[in-house]
Amino acid sequence: MASSASWLCSLLALFLVFSGACGQLSPTFYSSTCPTLLTVVSSATSQAILADKRMGASLLRLHFHDCFVQGCDGSILLDDAPGFVGEKTGFGNVNSVRGFEVVDAIKSNVEAACPGVVSCADILALAARDSTVKLGGPTWTVPLGRRDSTNANLSQANSDLPPPFASISGLIAGFAKKGFTAREMTALSGAHTIGFAQCKNYRDRIYNDTNIDPIFASNLKSSCASAAPGTDANLAPFDKQTPLVFDNKFYDNLANRQGLIHSDQELYNPGGSQSQASVVSQYRSNSNTFFNEFAAAMVKMGNISPLTGAAGQIRLNCRVVNS
């Protein structure tokens, strides 16, 4: 009996270890089922950025907007349909997030190589990393094994994506809700070293904020009228120095009161009770520190509530739940 009990205990322990392993992400998750995955995604991402330099920032943003709403599960990619409401009409997404057709193309290439194996959520995570690297930024090892959701959450998209008018206290609270420190928040905000924002998202800053370089504001006003909606969709770069290069110039801009949107400039407000001015100064003076901490924060973000094991599904089309 003792021997039998010992065998059962060993079996149970093995089961628990195996179950835990199934619930974990791993960089080698597809090493046997889709060995060419990294090459396929990297190649397709490169082609997309060559065709449209802005696309790198857009793919990075898609991953962020995916992970901050019910975890990194590809829910941002789901289209609205009869009886189904996705997240694309959320405040921070509507007429703003882009790159869905690029994700479709990457998914098509991946499906051709490894049918029904790789999730859309993992494709987003890899494309975000590859986009960062191709624009001059750091690399990191992407843990894989996420599965795709069968639902979306418009309400959470409206509540959990940081708005461009957020205060520093609102930013810290919003990122803390996802498990990030204020320093990690400041590192992730450095993604705004690439990409562009629409006039409607920085209008209030350039006309009403006081913590702004007046010449910088004046230059932006020429293409962003004070009244909506005529120039709402006009674009300006987050980083006016090197808008298509992933570097640490974003933090230079903040120190010079040239952050494009209010929430970015909130990071640098010397004397403020929750100001991240000291962190901004560190990243500004040492790009290696910024790159290392950005990469670590991206890995952490990619681990927000992933679906693993038997949860969710592997969508065949990233825009719709499998029938």
Side-chain angles (χ1 to χ4, degrees), residues 25 29-30 32-52 54-90 92-131 142-157 161 301-302 304-323:
L25 303 182
F29 186 84
Y30 297 110
S32 61
T33 56
C34 193
T36 61
L37 173 63
L38 301 189
T39 300
V40 172
V41 175
S42 177
S43 176
T45 303
S46 290
Q47 291 175 21
I49 295 173
L50 281 173
D52 176 3
R54 289 178 53 209
M55 190 52 65
S58 297
L59 292 172
L60 178 57
R61 187 170 181 234
L62 271 180
H63 182 43
F64 176 85
H65 281 224
D66 182 37
C67 292
F68 261 55
V69 180
Q70 71 176 22
C72 308
D73 60 1
S75 58
I76 181 67
L77 303 174
L78 290 168
D79 286 340
D80 284 3
F84 185 91
V85 178
E87 297 165 7
K88 293 181 180 180
T89 57
N93 294 331
V94 66
N95 298 321
S96 178
V97 287
R98 60 195 291 270
F100 298 109
E101 71 289 347
V102 172
V103 176
D104 292 340
I106 298 173
K107 175 64 169 175
S108 179
N109 291 351
V110 170
E111 284 296 305
C114 320
V117 172
V118 180
S119 69
C120 301
D122 275 345
I123 287 173
L124 279 182
L126 287 169
R129 188 273 309 275
D130 292 346
S131 294
V142 179
L144 299 166
R146 301 167 190 81
R147 288 171 65 85
D148 298 321
S149 67
T150 57
N151 68 308
N153 195 325
L154 178 61
S155 174
Q156 197 174 116
L161 293 174
M301 187 181 79
I304 298 177
S305 305
L307 299 175
T308 58
Q313 61 180 208
I314 303 299
R315 279 187 229 134
L316 301 180
N317 178 341
C318 292
R319 294 174 181 264
V320 297
V321 175
N322 296 344
S323 56

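Computed from a predicted model, the values in this text were never measured in an experiment.
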Could you check whether K88 pairs with D80 (Lys NZ or Arg NE/NH1/NH2 to Asp/Glu carboxylate O, under 4.0 Å)?
no
Compare every heavy atom of [Y] with every heavy atom of [X], then report the nearest pair and how far apart it is.
X: G56; Y: S131; result: O-CB, 3.4 Å
X: A121; Y: C72; result: CB-O, 3.6 Å
X: A113; Y: T36; result: CB-OG1, 3.9 Å
X: L62; Y: F100; result: CD2-CE2, 3.6 Å
X: V69; Y: E87; result: CG1-OE2, 3.4 Å
X: S149; Y: V321; result: O-CG2, 4.4 Å

Nearest-0.5 Å distance, [atom1] of residue [X] to [atom2] of residue [Y]:
X: N317; Y: D104; atom1: CG; atom2: CG; answer: 6.5 Å
X: L59; Y: D52; atom1: CG; atom2: CG; answer: 9.5 Å
X: L161; Y: S96; atom1: CG; atom2: OG; answer: 10.0 Å
X: I49; Y: M55; atom1: CD1; atom2: CE; answer: 9.0 Å
X: S155; Y: Q70; atom1: OG; atom2: CD; answer: 11.0 Å
X: I76; Y: C67; atom1: CD1; atom2: SG; answer: 10.5 Å

Do L144 and L126 pass the side chain to side chain contact (heavy atoms under 4.5 Å, CB included) test, and can you show the C-alpha distance, the side-chain angles, and the key distance before you say yes or no?
CA-CA 9 Å; L144 299 166; L126 287 169; 3.9 Å; yes
Any donor-acceptor pair under 3.5 Å linking the side chain of [X] with the backbone of [Y]?
X: S46; Y: S42; answer: yes
X: R319; Y: D79; answer: no
X: D148; Y: C120; answer: yes

Do R315 and T150 pass the side chain to side chain donor-acceptor pair (under 3.5 Å) test, and can you show the C-alpha distance, the side-chain angles, and the key distance before you say yes or no?
CA-CA 9 Å; R315 279 187 229 134; T150 57; over 6 Å; no
Assess the residue pair D66 and D73 against the criterion (side chain to side chain contact (heavy atoms under 4.5 Å, CB included)); give the C-alpha distance rounded to whole Å, side-chain angles, the decisive distance to 0.1 Å, and a yes or no.
CA-CA 7 Å; D66 182 37; D73 60 1; 3.3 Å; yes
Which residue in the set V41, L77, I106 passes side-chain contact (heavy atoms from CB on, under 4.5 Å) when paired with L124?
L77
side-chain contact (heavy atoms from CB on, under 4.5 Å) with V40: which of I123, N109, V118?
N109
Hydrogens and angles aside, do R146 and S119 bring a side-chain donor and acceptor to less than 3.5 Å of each other?
no
Just do the side chain to side chain contact (heavy atoms under 4.5 Å, CB included) check on L25 and T308 with the steps written out, would you?
CA-CA 8 Å; L25 303 182; T308 58; 3.7 Å; yes
With a 4.5 Å cut-off on side-chain heavy atoms, are R129 and H63 touching?
no
